[in-house]
Structure formats: structure tokens, C-alpha cells
2 protein chains.
Amino acid sequence: MTDRSPPAGKPIRTAIADEDGIDFAIIELFFFAYRDFTSDPDQILADYGFGRAHHRVLHFVNRRPGLTVAELLDVLKITKQSLARVLKQLIDTDHVVQLQGPRDRRQRELYPTAKGRALALALARPQSRRIRAALEDSGASERALIERFLEAMVDPELRAQIDIVPAKMSGKSHGDH
Amino acid sequence: MTDRSPPAGKPIRTAIADEDGIDFAIIELFFFAYRDFTSDPDQILADYGFGRAHHRVLHFVNRRPGLTVAELLDVLKITKQSLARVLKQLIDTDHVVQLQGPRDRRQRELYPTAKGRALALALARPQSRRIRAALEDSGASERALIERFLEAMVDPELRAQIDIVPAKMSGKSHGDH
DNA sequence: AAAATTACGTCAATAGTGCTGACATAATTT
DNA sequence: AAATTATGTCAGCACTATTGACGTAATTTT
């Protein structure tokens, strides 16, 4: 019994740094940034008994009023069952309403109520504040650049999901490439 | 029974856009970017029966070999219990080893094994590739700018966690403010 | 030296989010 | 009429996270 079950690999004492050209710095920053980015709304959501999933649904229902359940599933990349509970809670608490689709009556178009819009705004406010502060801190005027970078981080096939958003209609035209 | 239980708020049909100066565009892009950023390693992890939590532990153990359990908890911002299972699995599978702290023998210093380092690299590779591609797509040369922005997104009190990383020792000095 | 604190491990119970698979219903399409 | 589609729901399971409690060993304080 002098040695343990597996060969018990020896400890490596040197930090991984930017070995092999891997960009650990940005990988790690992305983790930290997202961790804190979500922490603000998480605290508000807790007061409502909601979680991050509720936030995401609320966000997209407000951004694209009238989207259907199937479209929402596609954007969130989760399963029907995962959405079901969360959506039901939002409907039961009068944050979201369902309307029968005008053309296809099988579809349920999702709309925020005034209550749902107010909550979406309350959740977005601290996040937007954080973004504004970060843009200032990091030598602003680069908003478009940050936007393009984040967009480029998204899977190319899925960028279509982004281009649906209404912001693009307000004459920004920072990229219809 | 002409009306439902609650006043049943009316549907709002207009998109939330950038109402009240809220930066919904970047909020949403951050969600999409992070969703896809984590999807690459998630697939690899599935082969090992690991999840995202394993990745995070593996990442930081490789980035700061010798960190203690308490330090890791502080960085990940999770509870001891949440870490316990994940860490145990990584130790049992010989990805991470614990050494008794040299000064304080209560502490357990965490180190990656060769196996653990290899996995950390394998997980980081697609992420780094995605970052490189995004920097190119979005008119690169702005790496430092992106880095500063992400850093500024982190809670100021917690930025100390970032400044520990070894990358800063390699003479980059883009900010010891 | 005794007492308090600290670092860590573990146990129990619970919540939130996600998954797969199966099945039902209503509406639309073929 | 039959097949397909959009949605809802049920059962069961996995992973990550939570709080609270307790135990042990080591260090620090008194």
C-alpha cells in the first residue's frame, strides 16, 4: 500500500499562462464579466421567486412581442419542457400573456403585459448601467466595436437570430453585411 | 366567468427597443455571445461526464496552481458544498491533486496533473479559436480594447481576482491602475 | 495550556434549470 | 381522411447551486 490506486499524476506547479497561443486572458475575463453581469438581475429576480430563465424569457418577449413558443425555444436553445415551467409561472403572475395566432390558430403569440415590461426594464437597468460604465472606463467611443466583437462571437449560423431585433430598424445600420 | 382571475393585463405589442436609454442591444449580444462561447467546451465535457462547473475549477487550478479551496470558492463565487462534489470528481479522475499547505497544514493546495492540464487546454482551444476569429471579423487590433472592456464589466471590488493571473507577469502592463 | 478560530470535509434537504421520451389536443396541410 | 404541425403536459432524471449543521485537524488568541 505504498502507492494509491491510479498512478496518481504528479502536480504541475507552473501556471498555464498563454501556452500554445491560447488566449486564457480573454477566456477568463469573459467568465468574470458574465458572472457579474448576471449578478445584478439575479438579485432582483430572487425577490420574485424567479431565476435566470425567467429573465431570458421576459427579455425576448419584450424584445420581440408576438413571438411564438417555437421561436422562443429556438432562440433560447432549450427544450420545450424547460421552457414550460418558466413560461407558465410568468403567465400565472401576469407578466406575460398568450394570444392565439391570427393566421395559424395553433400558435400562441407571447406578449408582455405592463407588469412584464416594467420588470424587464428593472432587470435591464443595472445591466445597462454596468455596460455604460464599462464603456467609459475602457475609453469609450468604441461601443460599435464592442458590439461587433460580441456579434462575431456568436455562431455564424445563429446570427440570424440577432438581426431580427428591432434596434436595427431605428436607422443605426452599423452592419447589414 | 366573463373575466379571468387577475385583471389579466393587456398585451403590449410594441418592442421594447432602447427605451429609457437602456442598452438592450449589448445586453442581448452578451447573452448570445456567452451562450455560444460556452457551447464548445460543454460538448467536450459531456464526453467525460463533466459539466461547466468542472471546467471552471479546472481552468483556475491550471491558471493558479497551488490555490487553496477557500481561494477557489472566492473566485468562483459558489458555496463549499457546490464545489465539493465537482472537486472530488476531478481528484478521483486524476485531473487535480491536493497537497497539504506548506505553512498552514490545514490548507489544501490544488494542482493540475498532466491529465488535468491536457483537458484544460483541450477545453480552452475552441474558445480561443472563437475569440481569435471574432477579433479578426470585427476589425482586430483591438484586442487590448476588448480586454479592457471586459475587465471594466467586472465588479470593481473583485478586479483584484483578475490581477493575480500570471499573464500580467509577462510584461504586458496594460494597466496596473 | 485552554479556548477560540480557521480550513476543510461531509451530511441532509431543497431549489432552479436543464434533459429525454411519451402522449394528448387542436389546427393546418396534404 | 390522413398526416403533419404547434403547443401543452406528464413522468423521471441529472447537474449545479443553495442553506444549515456537524466534525476534525491545525493554528491563533487569550
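Below, chains carry the letters A, B, ... as their sequence lines are ordered, and counting in each starts from 1.
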Exercise for the section: Determine which pairs satisfy side-chain hydrogen bond (donor to acceptor under 3.5 Å, both in side chains) with at least one residue from residues 96-105 of chain B, sequence neighbours left out, and list them in order. Expected result: B:Asp104-B:Arg106
Practice task
Run the ring-centre check on A:His54 versus A:Tyr48 and record whether the distance is less than 6.0 Å.
Solution key: no
Exercise for the section: Can you tell me which residue pairs pass the ring pair (Phe, Tyr, Trp, His ring centres under 6.0 Å) test with a partner in residues 96-128 of chain A, sequence neighbours excluded? Expected result: none
Exercise for the section: Indicate whether OP1 or OP2 belonging to C:dA7 is found under 4.0 Å from a side-chain N or O atom of B:Arg108. Expected result: no
Problem - Atom pair distance, as rounded to whole Å: CD1 in B:Ile91 and C1' in C:dT10 - result: 14 Å
Problem - Net bend of the helix from C:dA1-D:dT30 to C:dT30-D:dA1, end axes of five pairs each, nearest 10 degrees - result: 20°
Exercise for the section: Examine A:Tyr34 together with B:Phe31 and report whether their ring centres are nearer than 6.0 Å. Expected result: no
Exercise for the section: For B:Leu72 and D:dT16, give me the distance from atom CG to atom P, rounded to whole Å. Expected result: 14 Å
Exercise for the section: Write down the distance between CG (A:Leu87) and C1' (C:dG16), rounded to a whole number of angstrom. Expected result: 16 Å
Problem - Which atom of A:Arg117 lies closest to which atom of B:Ile16, heavy atoms considered - result: NH2-N, 3.5 Å
Handout entry: Within the 6.0 Å centroid threshold, strictly below: B:Phe149 and A:Phe30
Key = no
Handout entry: Atom-pair distance (CG on B:Leu76; P on D:dT18), nearest Å
Key = 10 Å
Practice task
Report, as a single string ordered 5' to 3', how protein heavy atoms within less than 4.0 Å touch nucleotides 17-30 of chain C: B base, S sugar-phosphate only, - not at all.
Solution key: BBBB-----BBS--
Completion exercise
From NZ of A:Lys88 across to P of C:dG16 the rounded distance in Å is 15 Å
Practice task
Round to a whole Å and report the spacing from CG of A:Asp74 to C1' of D:dT7.
Solution key: 15 Å
Practice task
Could you tell me whether A:Glu28 and B:Arg63 make a salt bridge, using a distance below 4.0 angstrom between a side-chain N and a carboxylate O?
Solution key: yes
Practice task
Apply side-chain contact (heavy atoms from CB on, under 4.5 Å) to A:Gln43 and list each qualifying residue two or more places apart in sequence or on a separate chain.
Solution key: none
Practice task
Report which part of the nucleic acid A:Gln98 touches: base, sugar-phosphate, or nothing (heavy-atom distance under 4.0 Å, all strands).
Solution key: sugar-phosphate
Exercise for the section: Taking only heavy atoms on the protein side, list every residue of residues 33-45 of chain B lying under 4.0 Å from any atom of DNA chain C, sorted numerically. Expected result: none
Handout entry: Salt-bridge present (B:Lys88, B:Asp92; N to O < 4.0 Å)
Key = yes
Problem - Reference residue A:His55; test side-chain contact (heavy atoms from CB on, under 4.5 Å); the match among A:Thr38, A:Leu119, A:Val86, A:Leu45 - result: A:Leu45
Exercise for the section: Run through A:Arg129, A:Arg143, A:Arg132, A:Arg130 and flag the one making a side chain to side chain donor-acceptor pair (under 3.5 Å) with B:Asp23. Expected result: A:Arg143
Exercise for the section: Round to the nearest Å and state the distance from B:Leu99 atom CG to C:dA7 atom P. Expected result: 19 Å
